[in-house]
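Accompanying notes for the structure given below.
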Amino acid sequence: MTIDRRKIDIALSTLLIIISIVILTNDHLVEGGADSDLGSMFLPRVVAGLMIIFSATIALQSIRKLTTGARIDDLELISTDGFFGIFIYIGIFIAYWLTVPYVGFLVATPFVMIAVAALLGGRKWAPIIATSVITTAIIYYGSREFIRVYLPIWSM
């Protein structure tokens, strides 16, 4: 059995946009959170804004393809026959959840990002490794400096 990915993209994008609008418009979502100079809702609102932009981009591309009657590519069909990859994905995140308290965010996160990229079929290792390390460093620094959230560090 196969599912048309374009319809799923539209449904999930719509759901993400609605959730993002709730985050943007509701001031009562954070109670006693890590308050910074930017406010406790700054980061959630930035993320919600980015989610709206990215979700709208995906949804609009899928709507355009559906309305023009574009031919369905093999990449736009989701096979529901084998779910082994989902179990591997869940296993990666369980391992991440268990190891972060011991090896820290800066060590564990790039490995998880590389593992997920490999699971999704990434084969250009230099950009994958660079993106994993740079993204992890930016998130760690941004969390510590801007919202004063200290992510786990090496504890062994």
Side-chain angles (χ1 to χ4, degrees), residues 1-31 33-34 36 38-100 105-106 108-143 146-147 149 151-152:
M1 183 172 140
T2 57
I3 301 171
D4 187 354
R5 191 197 77 187
R6 298 179 296 188
K7 294 176 183 175
I8 293 173
D9 285 348
I10 293 168
L12 289 178
S13 295
T14 303
L15 178 67
L16 287 173
I17 289 171
I18 291 169
I19 291 169
S20 298
I21 290 171
V22 169
I23 292 169
L24 286 173
T25 59
N26 193 344
D27 289 334
H28 304 290
L29 291 176
V30 174
E31 229 178 86
S36 69
L38 301 172
S40 58
M41 282 299 290
F42 174 74
L43 183 62
R45 286 188 173 142
V46 169
V47 171
L50 292 172
M51 284 173 49
I52 289 173
I53 292 168
F54 296 141
S55 296
T57 302
I58 291 170
L60 291 173
Q61 289 175 0
S62 294
I63 289 170
R64 184 177 47 86
K65 287 181 180 179
L66 282 173
T67 56
T68 60
R71 189 178 137 292
I72 298 175
D73 294 333
D74 289 338
L75 295 175
E76 293 176 330
L77 291 174
I78 299 173
S79 175
T80 58
D81 295 334
F83 284 104
F84 186 66
I86 294 171
F87 295 122
I88 293 173
Y89 190 71
I90 291 169
I92 289 170
F93 280 104
I94 289 172
Y96 178 67
W97 178 51
L98 294 173
T99 59
V100 165
F105 179 83
L106 282 173
T109 304
F111 287 110
V112 169
M113 292 177 71
I114 291 166
V116 170
L119 182 64
L120 295 174
R123 296 294 176 251
K124 295 183 179 179
W125 295 108
I128 289 172
I129 292 169
T131 302
S132 299
V133 170
I134 291 169
T135 302
T136 301
I138 289 171
I139 291 170
Y140 185 81
Y141 176 78
S143 294
F146 295 116
I147 59 175
V149 172
L151 297 171

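Although no hydrogens or angles enter the test, the distance criterion places a donor-acceptor pair under 3.5 Å between the side chain of T67 and the main chain of R64.
Residue D9 holds its CG atom at 10.5 Å from CG of L16, rounded to the nearest 0.5 Å. The CD1 atom of I63 sits 12.0 Å away from atom CD1 of I58, with the distance rounded to the nearest 0.5 Å. Rounding to the nearest 0.5 Å places CG of L66 at 8.0 Å from OG1 of T68. The structure places CD1 of I53 at 10.5 Å from CD1 of I17, a figure rounded to the nearest 0.5 Å. Going from atom CE of M113 over to atom OG1 of T135 covers 4.0 Å, rounded to the nearest 0.5 Å. Residue L15 holds its CG atom at 9.0 Å from OG of S20, rounded to the nearest 0.5 Å.
In this pair, Y140 and F105 present their aromatic rings parallel. The plane angle is below 30°, not in the 30 to 60° band.
The environment of W125 atom CH2 is dense: over 12 non-hydrogen atoms of other residues, nucleotides or ligands sit within 6.0 angstrom.
Of all heavy-atom pairs spanning R45 and N26, the tightest one is NH2-O, 3.7 Å. Closest approach of I10 and A59 over heavy atoms only: CG1-O, 4.1 Å.
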Discussion item. Checking L151 against T109 for the side chain to side chain contact (heavy atoms under 4.5 Å, CB included) test, could you report, in this order, the C-alpha distance in whole Å, the side-chain angles of both residues, the deciding distance, and whether it holds?
Written reply: CA-CA 11 Å; L151 297 171; T109 304; over 6 Å; no
Worksheet entry | Derivation of the side chain to side chain contact (heavy atoms under 4.5 Å, CB included) call for I52 and L24 | CA-CA 10 Å; I52 289 173; L24 286 173; 3.5 Å; yes
